[in-house]
Amino acid sequence: MKSVNLYIPLLLLLFLAGACGTKKSDGASGALSDDALLDTVQRRTFNYFWDGAEPNSGLARERIHMDGVYPENDQNVVTSGGSGFGIMAVLAGIHRGYVTREEGLARMERIVSFLETADRFHGAYPHWWYGDTGRVKPFGQKDNGGDLVETAFIMQALLAVHQYYAGGNPQEKALAARIDKLWREVDWNFYRQGDQNVLYWHWSPEYGWEMDFPVHGYNECLIMYILAAASPTHGVPAAVYHEGWAQNGAIVSPHKVEGIELHLRYQGTEAGPLFWAQYSFLGLDPNGLKDEYCPDYFGEMRNLTLVNRAYCIRNPKHYKGFGADCWGLTASYSTDGYAAHSPNERDDRGVIAPTAALSSIVYTPEYSLQVMRHLYDMGDKVFGPYGFYDAFSETDNWYPQRYLAIDQGPIAVMIENYRSGLLWKLFMSHPDVQQGLRKLGFQLSSDTPISAS
């Protein structure tokens with residue numbers, strides 16, 4: 001009997017030791033409900049744009065490296081597009097109570113004050129600024145002026161903020177009015193380069209139109225065309241959308257990838273990286289949305305996500321870790337710099353970016369949650385103070401503890417859209433947005449035109 005009494009405590013000690021040895025930094029995901037897991041990830045990711053924000057501007061730093069290594073000395077460089085995503089993430093954080101409404105308003109006022117005085121080019125923002133001065137930091141030698149795509153991303157966010165505060169107290173209404181002024185000052189028509197029926201991505205005060213990048217679909221830039229049509233002061237005619245973006249119908253190209261049907265032509269590839277399914281739809285609600293070129297934007301983006309997942313499960317290049325609980329190819333840090341990873345053997349480098357599957361939660365909730373739980377259970381190898389790190393490769397044993405704003409933002413925003421639809425409701429309620437959608441012939445699934453009601 002004595003030997004049995006000694007044996008039982010020994011087994012208990014061995015069990016506890018094993019449990020301690022496998023414990024993750026924040027506990028196993030199985031202990032959390034779906035909602036608790038979503039809230040944990042959303043709150044951590046929100047912190048990138050709250051605690052991690054550049055202090056003078058209140059905007060999102062382009063990157064945060066936990067190792068403190070910044071080869072280009074750009075720790076305080078802020079990003080316009082990534083800040084747009086971050087503004088929406090902060091708005092969701094206010095809604096969730098991560099910060100008070102008063103704290104959130106103060107941050108939004110700081111951001112708008114910066115945007116009112118920072119460098120603009122015919123109303124459009126550059127890709128990067130120095131956060132302490134508001135002066136442009138060139139994204140490339142000739143890319144030192146207006147970036148209309150990044151401007152669209154930040155305007156998408158500001159219109160959502162406008163709707164959040166437009167019916168509030170006097171201080172909130174005053175902020176909404178200041179946002180409306182910034183919105184009206186973007187000269188979308190200028191970026192047609194001489195009234196052509198297409199929008200150009202860049203203009204530089206030094207190099208003019210030398211970047212020479214007319215934007216055709218389909219890619220992440222749909223929101224730019226919708227906002228250009230929606231502007232009450234510099235709105236472009238519908239022909240710019242139909243001839244430029246849709247190229248007189250050439251955007252339609254039914255085909256199958258991984259046995260899954262896609263309806264649109266994806267520029268340069270059969271199925272694009274997953275940020276193409278996310279950036280325009282952080283505010284633009286794809287549910288029931290269609291036009292003459294796509295009968296179901298939600299279905300198209302869901303299928304693009306499913307193609308990405310199916311490719312990773314098939315895993316033709318036999319990378320370690322790829323599977324049903326670990327998929328997602330998009331633009332992110334890569335084992336050799338930065339790359340746009342796509343579901344094809346040419347553009348697949350064995351790098352998983354958490355933003356790809358997690359920001360797709362509105363399209364594939366059951367599959368995205370499966371990935372979220374798997375990543376969470378990997379512990380602090382991939383999960384840090386601002387959420388999941390940007391990318392990793394199990395094949396290369398590569399786990400950099402580094403973040404990019406443009407990848408963190410969609411995670412927090414799309415989690416909120418999945419939980420409440422908040423950002424979709426706000427953006428879609430703006431009367432100028434509704435007017436732009438009507439102008440371009442967008443409809444809801446009920447076959448009724450977009451209404452201002």
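Residues: numbered from 1 along the sequence shown.
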Using the salt bridge (charged side-chain N to carboxylate O under 4.0 Å, His left out) rule, take Glu185 and Arg120 through it: C-alpha gap first, then chi angles, then the decisive distance, then the call. CA-CA 10 Å; Glu185 289 172 349; Arg120 281 185 282 173; 2.7 Å; yes
Show your working on side-chain hydrogen bond (donor to acceptor under 3.5 Å, both in side chains) between Asn47 and Arg44 and close with a plain yes or no. CA-CA 5 Å; Asn47 279 334; Arg44 283 279 189 101; over 6 Å; no
Show, in sequence, the C-alpha distance, side-chain angles and deciding distance for Lys290 and Asp296, and conclude whether the salt bridge (charged side-chain N to carboxylate O under 4.0 Å, His left out) test is met. CA-CA 5 Å; Lys290 65 180 181 178; Asp296 178 8; over 6 Å; no
Is there a side-chain hydrogen bond (donor to acceptor under 3.5 Å, both in side chains) between Thr355 and Gln408 once you walk through the steps? CA-CA 7 Å; Thr355 187; Gln408 294 308 104; over 6 Å; no
What's the verdict on side-chain contact (heavy atoms from CB on, under 4.5 Å) for Leu375 and Val41, showing C-alpha distance, side-chain angles and the deciding distance? CA-CA 11 Å; Leu375 295 177; Val41 174; over 6 Å; no
Assess the residue pair Phe275 and Ile406 against the criterion (side-chain contact (heavy atoms from CB on, under 4.5 Å)); give the C-alpha distance rounded to whole Å, side-chain angles, the decisive distance to 0.1 Å, and a yes or no. CA-CA 10 Å; Phe275 73 92; Ile406 208 159; over 6 Å; no
Would you please test Gln156 and Tyr279 for side-chain hydrogen bond (donor to acceptor under 3.5 Å, both in side chains) and show each step? CA-CA 10 Å; Gln156 178 179 217; Tyr279 290 0; over 6 Å; no
Test side-chain contact (heavy atoms from CB on, under 4.5 Å) on Thr335 and Val351; report intermediate values, then the result. CA-CA 7 Å; Thr335 48; Val351 173; 4.0 Å; yes
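Residues passing the ring pair (Phe, Tyr, Trp, His ring centres under 6.0 Å) test with Phe49: none are found, sequence neighbours excluded. Remark: His122 engages Phe190, Trp203 in a ring pair (Phe, Tyr, Trp, His ring centres under 6.0 Å) (not counting sequence neighbours).
Below 30°, between 30° and 60°, or above 60°: for Trp201 and Phe213 the angle between ring planes is between 30° and 60°, a tilted geometry. Classified by interplanar angle (parallel below 30°, tilted 30° to 60°, perpendicular above 60°), the ring pair Tyr48/Tyr386 is perpendicular. Between Tyr363 and Phe281, the ring planes lie perpendicular to each other; the angle is over 60°, past the 30° to 60° tilted range. Taking the six-membered ring for Trp and thresholds of 30 and 60 degrees, Tyr319 and Phe322 have ring planes inclined between 30 and 60 degrees apart. By the 30° and 60° cut-offs, the orientation of the rings of Trp245 relative to Tyr241 is parallel.
With hydrogens and angles disregarded, a donor-acceptor distance shorter than 3.5 Å links the side chain of Ser393 to the backbone of Gly350. No donor-acceptor distance shorter than 3.5 angstrom exists from the side chain of Asn303 to the backbone of Leu262, with no hydrogens or angles considered. A donor-acceptor pair under 3.5 Å links the side-chain atoms of His255 to the main chain of Glu270, judged by distance alone. The closest donor-acceptor contact from the side chain of Asp67 to the backbone of Val69 lies under 3.5 Å. At least one donor-acceptor pair under 3.5 Å links the side chain of Ser33 to the backbone N or O of Ala36. Side-chain atoms of Lys317 come within 3.5 Å of backbone N or O of Asp348 as a donor-acceptor pair. Under a 3.5 Å cut-off, the side chain of Tyr225 and the backbone N or O of Leu199 do form a donor-acceptor pair. Remark: the backbone N or O of Leu358 is not paired with any side-chain donor or acceptor of Ser368 at under 3.5 angstrom. Checked by atom type and distance alone, the side chain of Asn219 pairs as donor or acceptor with a backbone atom of His216 at under 3.5 Å. A donor-acceptor pair under 3.5 Å is absent between the side-chain atoms of Asp390 and the main chain of Arg402, judged by distance alone.
Residues His341 and Thr330 fail the side-chain proximity criterion, which asks for heavy atoms closer than 4.5 Å. In this structure the side chain of Tyr70 reaches within 4.5 angstrom of the side chain of Arg63, judged on heavy atoms. Using a 4.5 Å heavy-atom cutoff, the side chains of Thr305 and Leu274 are in contact. Side-chain atoms of Glu54 and Phe114, non-hydrogen and from C-beta on, never get closer than 4.5 Å to each other. Using a 4.5 Å heavy-atom threshold, the side chains of Asp147 and Pro126 count as separate. You'll find the side chain of Met224 stays beyond 4.5 Å of the side chain of Tyr191, heavy atoms only. Put simply, the side chain of Lys381 does not reach to within 4.5 Å of the side chain of Tyr389, judged on heavy atoms. Using a 4.5 Å heavy-atom threshold, the side chains of His127 and His202 count as separate.
Considering every non-hydrogen atom in both Val136 and Tyr130, the closest pair reads O-CE1, 3.7 Å. The two atoms that bring Pro55 and Arg110 nearest to each other are O-NH1, 2.9 Å, heavy atoms only. The nearest pair of heavy atoms linking Trp424 to Asn287 is CZ3-ND2, 3.2 Å. The minimum heavy-atom distance between Ser231 and Trp188, with the atom names listed, is CB-CD1, 3.5 Å. Taking each heavy atom of Ile352 and Pro354 in turn, the nearest pair found is O-CD, 3.7 Å. Here the closest heavy-atom approach between residue Met155 and residue Leu182 is recorded as CE-O, 3.7 Å.
With 3.5 Å as the limit, one finds a donor-acceptor pair spanning the side chains of Asp432 and Trp183. Between the side chains of His263 and Tyr293, not a single donor N or O lies within less than 3.5 Å of an accepting N or O.
Enclosure of atom CD in Gln196 by more than 12 non-hydrogen atoms of other residues, nucleotides or ligands within 6.0 angstrom is indicated. Heavy atoms of other residues, nucleotides or ligands lying less than 6.0 angstrom from CG of Asn73 number 12 at most.
With values rounded to the nearest 0.5 angstrom, Phe139 atom CZ is found 9.5 Å from Ser80 atom OG. For the atom pair CE (Met88) and CZ (Phe153), the distance works out to 11.0 Å, reported to the nearest 0.5 Å. Asp407 CG to Thr45 OG1: the interatomic distance, rounded to the nearest 0.5 Å, is 11.5 Å. Atoms OH and OG, on Tyr218 and Ser280 in that order, are 5.5 Å from each other to the nearest 0.5 Å. For the atom pair CD of Glu258 and CZ of Arg314, the computed distance is 4.0 Å after rounding to the nearest 0.5 Å. Considering NE2 of His162 and CG of Leu426, their distance stands at 11.5 Å, rounded to 0.5 Å.
The residues Asp325 and Arg373 are annotated as not salt-bridged, no charged nitrogen and carboxylate oxygen being separated by less than 4.0 angstrom. In this structure, Glu416 does not pair ionically with Lys425, as no charged nitrogen and carboxylate oxygen lie closer than 4.0 Å. Under the 4.0 Å criterion applied to side-chain N and carboxylate O atoms, Asp39 and Arg419 are assigned as salt-bridge partners.
Under the side chain to side chain donor-acceptor pair (under 3.5 Å) test applied with Arg61, the options Asn76, Thr79, Asp74 reduce to a single match, Asn76.
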